[in-house]
Structure formats: structure tokens, C-alpha cells
Amino acid sequence: MLELAGIIILGILAQWFAWKFKIPAILPLILIGLLVGPIAAAYLSEDGSKWIEPIWNGTKGLFPGDGLYYFVSLAISVVLFEGGLTLKRSEIKNVGPVITKLITLGSAITFFGAAIAAHYTFNLGWDLSFLFSGLIIVTGPTVITPILRNIPLKKDISTVLKWEGILIDPIGALVAVLVFEFISVGGGGGFTKTALIEFGKILLFGTTFGFTFAHALAYAINKKLIPHYLLNVVSLSTVLLVFVESELFAHESGLLAVVVMGMVLGNGKLNNIKELLYFKESLSVLLISILFILLAANINIEDLMLLYNWKTAALFASVVFIIRPLAVFSSTFKSKLKFKEKLFISWVGPRGIVAAGIASLFGSKLLKQGVAGAEYITPLVFMIVLGTVLLNATTARFFAKLVGVFLSKSDAILFVGASNPVRLIASYLKQKGKRVILIDSNKIFIQQALDNDLDAFEVDVYDDELANNIELNDVGYLIALTGSDAVNNHAITSFTKDFGEHGSYKLASSTEIINAPKDARASFFTPNDDYINLSEAYREDPKIHEVTISSPQEYYNILTLLSTEEKSIPLFVQKDKGIYLISEFEKLGVDKKELTFSYLGKSIGDSYKSNSNV
């Protein structure tokens with residue numbers, strides 16, 4: 001009982017520590033696992049026993065027999081399902097071909113390259129060398145996200161790394177499964193036939209079960225056949241059912257099945273998808289915390305000592321500095337990505353939970369079968385996992401600056417709200433070369449924004465995880481334009497630090513209009529413009545007008561005119577190829593000559609020139 005409680009407590013403490021110091025949680029989790037496992041047995045315990053013993057003497061410990069194998073398998077299935085839920089087809093519009101090549105050509109290069117490196121450095125047999133290389137094909141979203149969270153990058157770079165990390169997990173697992181099956185049947189002439197049969201079964205049953213059960217679950221949820229209070233637990237049980245049923249028909253096909261199931265649900269029209277995501281995310285955090293401590297604690301000190309030589313450094317250097325860049329540059333050949341962007345993607349390739357989990361499973365099974373060299377599999381993979389995470393976590397930000405992909409100015413614009421006038425404004429800014437992102441809890445608004453070729457996603461502004469989205473790292477302006485004063489105020493209060501580097505703006509609230517706020521710069525338009533004024537201006541004339549300003553007098557005249565005109569609202573000032581918000585423009589003190597002024601609503605013609613001296 002003490003060991004079980006200790007694992008959960010230490011795991012959550014490690015997660016908090018990782019959040020507090022903005023590092024991948026895998027680092028403290030593995031270190032804790034090594035401390036309570038092999039290190040405690042070798043140096044801290046008087047009787048040489050581990051403080052946490054997953055398996056002891058084959059039949060004792062927390063998970064005797066095959067108990068650890070079954071637990072890790074089920075836990076990884078839930079983690080991969082949660083990853084599949086986050087995949088959105090709309091996100092890969094510009095980099096789809098690159099991601100496809102990374103998870104196909106890139107995986108093949110890693111598979112053969114790492115196998116050659118392992119064979120010639122540790123003298124492993126070709127079968128175990130290819131098992132090792134199959135396991136380290138995978139990167140991992142759980143380790144990439146914390147690393148990139150605080151590095152302002154272009155969206156395409158973040159998207160490539162995110163999608164590669166999630167999609168390549170089942171591919172690496174499948175490759176490792178095929179190699180494991182080959183080793184298990186003894187190799188020889190049966191390899192080709194066995195591999196093809198196993199691969200076909202895995203592909204067939206994995207995709208079939210995942211696709212079928214996803215639609216069945218979506219139908220049950222949308223038709224309200226499942227009561228709300230049972231929604232999360234029924235979904236969890238369905239994931240486990242899909243994994244187990246698929247495994248019964250084709251061994252090791254369960255991983256593919258749950259990923260397919262998650263992708264289908266995540267991209268379908270599913271009610272309550274947000275609640276499902278929150279639940280699965282919390283469950284994944286708990287399971288990952290338990291898994292890493294268990295798997296690290298299951299390693300013996302003798303296994304770690306196998307790595308205490310120059311061969312380990314040579315293998316690690318080959319994987320990180322030769323094989324990874326070769327895979328990335330081959331996969332991105334003739335793509336729109338620049339050389340410096342390819343170089344950064346080459347540098348960031350941390351391995352995660354799937355590599356560590358499956359390595360422990362297969363390594364222990366091969367040891368039981370007496371396969372020569374099997375004792376190297378688990379420690380070598382853990383070495384790659386821990387080494388790549390440490391390297392990327394400590395150097396990614398510096399390397400981004402070194403190669404020139406670090407955005408010195410985060411100038412993307414995040415709009416809170418996606419109503420008709422907001423979409424019009426966002427489209428206008430996009431035409432001017434700005435990157436804009438819209439968020440809203442209204443599904444219809446978001447779909448209309450996507451139909452208008454705008455970056456948009458459905459999200460609740462009260463969800464704190466919004467700040468952790470690595471694809472928003474280039475956002476420097478936060479603009480809240482919803483019809484709710486409470487939502488606008490919350491967005492400004494909660495996310496200015498993350499997204500308002502160059503300014504946070506919102507519509508004036510009814511209270512602010514009555515009290516005549518002293519600081520007009522807090523408002524996006526003017527201190528007198530609220531959501532009602534915005535809507536009326538849009539209804540009056542849903543167009544954004546542009547006028548040329550020649551002098552400061554004309555500039556102030558048009559501002560005065562628009563502030564008194566209820567059906568027109570000032571928007572932006574353009575000067576020297578730059579576009580500024582009104583309040584930002586005034587704050588910068590830019591010369592107010594020869595510029596273009598834009599506004600929404602009723603056309604004011606040339607009346608702003610009537611009082612001008614020009």
C-alpha cells in the first residue's frame with residue numbers, strides 16, 4: 001500500500017516541479033524512478049532492495065508475473081488515445097507533405113541508420129539493433145510541448161514538431177512490434193512471411209476497430225444514449241475495450257486502434273469533446289507519472305553499468321547529430337521550410353513515453369526468452385530518452401536564437417471572439433500579411449472562420465491550458481472582442497502575460513463608457529465603443545474602408561468624426577508598410593503624415609477634410 005501511494009504522490013510532485021520550472025516532466029519522473037529503484041538498491045538500502053519494486057524474482061513485487069506488461073500496455077493505450085484526440089486536419093494545411101515524409105521517409109532513415117549505429121558500436125545482433133532503432137523512431141508530444149512552450153517560433157515549425165511527435169508514436173510502435181515478432185519466432189526463412197502477415201493483421205484490425213468504435217461512441221454521445229455523469233468513464237472503458245479486442249484479433253494492434261479512434265473522434269462532430277479531452281488529459285498525466293517511475297525503478301544497477309563506456313556516447317552522438325538531421329533534411333527536401341527551420345527541427349527530437357514503455361516491455365520479454373544482448377535494449381533506449389530530453393530542454397531556446405528561428409518580435413494577433421465583425425477584421429489583417437488566430441466557444445463561429453481560411457479553434461477562454469498551446473508562441477497581441485464584458489476582462493487579466501507582449505486590447509464595457517475611463521489605450525477602438533457599437537457598424541456596412549491621410553490635422557479630424565459617429569468605428573493606421581492599432585500608433589509617437597486610415601461601418605466620405613488646413 002505504501003509503495004502504491006508513494007508512486008502516485010511522487011509522480012504528481014514531479015509533475016508540479018516540471019510545471020513550476022518549465023521543464024519536461026519526464027526528467028524528474030525518470031530521476032525519481034532511478035532513485036527509488038536501482039540507486040536505492042545499490043547505495044541506499046541496507047539489504048540491497050529497491051524502495052519501489054515493480055517486479056521481484058519474477059513472481060513478487062507490485063506487478064508480479066506479466067502484471068507490469070499488462071498495466072503498461074493499457075496505460076499507453078489511454079495516453080495515445082488522448083494524443084489522437086488533439087489531432088486536427090486543419091492544422092497541417094501548409095506542412096502536411098513535410099509531416100508525411102517525416103513519419104515515412106524520416107522513420108525509415110532513423111530505422112536503418114540507428115540500427116547500423118547500434119550494431120557497430122555495441123556489437124548487437126542485427127535483430128536487436130533493428131529493435132532498438134524501431135523503438136527510438138518515436139519522438140513524443142509530452143516532452144516536445146514543454147520544451148517549445150516558451151520559445152516563440154513560426155507556427156509551421158511548431159506544427160511540424162507537434163504532429164510528428166503524435167503521429168510517429170504508433171508508427172514506431174508498429175515497427176518495433178514487427179521486429180519483436182521476428183525475434184520471437186526465431187528469425188530465419190519465416191521472416192518475410194511472418195512480418196507481412198503480422199503487419200497486415202495489425203493494420204487491418206487496428207484501423208477497423210478504431211474507426212468502427214469511434215463512430216459508435218460518437219453516435220451514442222450525440223444521441224444522448226449515455227448520461228452526462230457516465231460520459232467520461234464510458235469513454236475510458238470503450239478505449240480499453242477497443243485496445244483489448246483489437247489485441248485479441250491481432251497482437252500489438254491495440255496501439256494503432258486507439259490512435260485511429262482518437263483521431264476519428266477528434267475530427268468528427270462530437271458533442272462534449274472538450275469534457276472528454278479534459279478528462280483524458282488528467283488521466284494521461286496521472287498514468288504517465290506512474291509509468292515513468294515504475295519503468296525507471298524496474299531497471300537494475302547492472303543494466304545502468306552496461307552503459308558506462310565510450311560506446312554509449314558514440315551511439316548517442318550518431319542518433320542526435322547524424323541520423324536525426326539526415327532524416328529531417330531528406331524529408332523536407334524542396335519544401336517551403338527554410339534551411340534554418342530545418343536545422344532547428346533537426347535539433348529537437350526528444351523521445352518520450354512510448355519509446356520507454358515499449359522498450360521495457362520488449363526488453364523484459366526477450367530476457368525471459370534468453371535472447372543474447374537483450375539486456376541492452378531497455379537501458380539503451382532510456383539513455384536516448386533521457387539524453388535527448390536533457391539536451392533539448394537545456395539548449396532548444398539557445399539553439400533557436402543561434403540559427404535564427406527565434407522570433408525577436410511575436411507579432412501574431414490572437415482574437416478572443418469570432419463573430420461576424422471580428423472575422424471581417426481578422427480577414428482584413430490577414431490580407432495585410434498579419435498572422436491572426438481566432439478562438440471562441442461558439443462552434444458555428446469557428447466553422448465559419450475556418451471556411452473563410454482563417455486560423456481558428458474552439459476553446460473556452462476560461463481554460464488555462466490555452467497558455468500552453470505551443471502553436472501560439474508567436475502571438476504578441478491579445479484582442480478581446482466578444483459580447484461579454486466578463487469574458488473580455490477575464491481574457492485580458494489571465495492571458496496578457498502570455499499573449500499581450502506588445503499590447504492587450506478589448507472592447508469598452510458598459511461600466512467603462514459610463515465612467516469615462518482615463519486610459520483610452522486599454523480599449524481596442526475608442527473608450528466609447530462597445531460590442532453593440534461594433535455590431536451596429538457591421539450591420540450598417542460590413543466593409544472596412546480605407547482613406548489616405550496627408551497631415552496630422554486630417555488624422556485628428558477623422559478620429560473626432562468617428563468617435564461621434566455611432567455607426568462607424570476606427571480600426572488601424574498603416575504607414576511605411578506597417579499596420580498599427582490606433583492606441584499603439586499614438587503610443588509609439590509615429591509621424592502622422594502620409595498614412596492610410598481604416599475604419600468599419602458607415603462611410604464618412606471626405607467629410608473629415610472639411611476642417612482641415614490642407
Side-chain angles (χ1 to χ4, degrees), residues 274 410-429 434-446 448-449 454-469 472 475-539 542 544 562-563 566-572 580-587 599-601:
K274 289 186 290 184
S410 303
D411 58 357
I413 303 169
L414 177 64
F415 282 96
V416 180
S419 59
N420 291 335
V422 179
R423 296 197 302 274
L424 176 65
I425 295 171
S427 296
Y428 175 79
L429 288 173
K434 291 288 186 178
R435 173 163 129 78
V436 293
I437 309 98
L438 286 74
I439 63 172
D440 204 308
S441 58
N442 188 310
K443 294 181 180 180
I444 298 177
F445 285 170
I446 293 301
Q448 290 172 340
L454 294 170
D455 289 336
F457 55 95
E458 181 186 350
V459 68
D460 187 344
V461 74
Y462 291 97
D463 180 9
D464 293 336
E465 284 302 307
L466 178 65
N468 296 329
N469 191 324
L472 299 180
V475 171
Y477 294 91
L478 174 65
I479 303 176
L481 303 181
T482 75
S484 169
D485 292 341
V487 169
N488 293 338
N489 289 330
H490 177 80
I492 298 298
T493 303
S494 301
F495 299 112
T496 291
K497 180 180 178 182
D498 299 292
F499 304 124
E501 177 184 350
H502 304 298
S504 296
Y505 306 91
K506 65 179 182 62
L507 287 166
S509 66
S510 55
T511 303
E512 290 171 336
I513 292 176
I514 295 174
N515 295 333
K518 297 179 180 179
D519 187 6
R521 292 171 183 168
S523 300
F524 176 47
F525 306 116
T526 72
N528 297 317
D529 289 316
D530 57 8
Y531 189 78
I532 296 176
N533 291 358
L534 176 63
S535 300
E536 289 181 349
Y538 178 83
R539 283 194 295 268
I544 294 179
L562 290 173
S563 65
E566 295 182 355
K567 294 184 178 181
S568 297
I569 292 181
L571 293 179
F572 309 106
Y580 308 91
L581 279 73
I582 303 296
S583 56
E584 179 188 25
F585 182 73
E586 293 184 351
K587 183 178 180 181
Y599 64 94
L600 169 66

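When reading the values below, keep in mind they use all heavy atoms of this one structure, side chains included, and skip hydrogens, waters and symmetry mates.
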Within the distance-only criterion (no hydrogens, no angle test), does the side chain of R435 pair as donor or acceptor with the backbone N or O of A412 below 3.5 angstrom? no

Note: A449 and L438 closest approach over all heavy atoms is CB-CD2, 4.4 Å

Which atoms form the tightest heavy-atom contact between S419 and D440, and what is the distance? N-OD2, 4.4 Å

Worked verdict on L472 versus F499 for side chain to side chain contact (heavy atoms under 4.5 Å, CB included): CA-CA 8 Å; L472 299 180; F499 304 124; 3.7 Å; yes

Pairing residues for Y580 by the ring pair (Phe, Tyr, Trp, His ring centres under 6.0 Å) criterion, not counting sequence neighbours: F585

Could you go step by step and tell me if L534 and L600 meet the side chain to side chain contact (heavy atoms under 4.5 Å, CB included) rule? CA-CA 8 Å; L534 176 63; L600 169 66; 3.8 Å; yes

Can you check whether I446 reaches K443 side chain to side chain, under 4.5 Å on heavy atoms? no

Could you grab the distance from atom CG of D530 to atom CG of D485, nearest 0.5 Å is fine? 7.5 Å

Residues V461 and A491: closest non-hydrogen pair is CG2-CB, 3.9 Å

Heavy-atom side-chain contact between Y505 and L581 under 4.5 Å: yes

Could you state the interatomic distance from CZ (F495) to OG (S504), rounded to the nearest 0.5 Å? 11.0 Å

I569 side, atom CD1; Y538 side, atom OH - distance, nearest 0.5 Å: 13.0 Å

With rounding to the nearest 0.5 Å, note down the distance linking CG in N442 to CD in Q448. 8.0 Å

Gap separating the CG atom of L478 from the CZ atom of F415, nearest 0.5 angstrom: 10.0 Å

Short side-chain to backbone donor-acceptor contact, N488 and K506, under 3.5 Å: no

Evaluate the side chain to side chain contact (heavy atoms under 4.5 Å, CB included) criterion for residues I437 and F457: first the C-alpha distance (whole Å), next the side-chain angles of each, then the deciding distance (0.1 Å), finally the verdict. CA-CA 8 Å; I437 309 98; F457 55 95; 3.6 Å; yes

Using the test ring pair (Phe, Tyr, Trp, His ring centres under 6.0 Å), find all partners of F445 that sit at least two apart in sequence or belong to another chain. none

L429 side chain reached by I413 side chain, heavy atoms, under 4.5 Å: yes

For Y599 against S568, the heavy-atom pair lying closest together: CD1-CB, 4.4 Å

V436 and D455: side chain to side chain contact (heavy atoms under 4.5 Å, CB included), yes or no, with the steps? CA-CA 7 Å; V436 293; D455 289 336; over 6 Å; no

To the nearest 0.5 angstrom, please state how far the CZ atom of F572 sits from the NZ atom of K434. 9.5 Å

Is there a side-chain contact between L454 and S427, using heavy atoms and a 4.5 Å cut-off? yes

Could you check if a side-chain atom of L481 sits within less than 4.5 angstrom of a side-chain atom of V416, using non-hydrogen atoms only? no

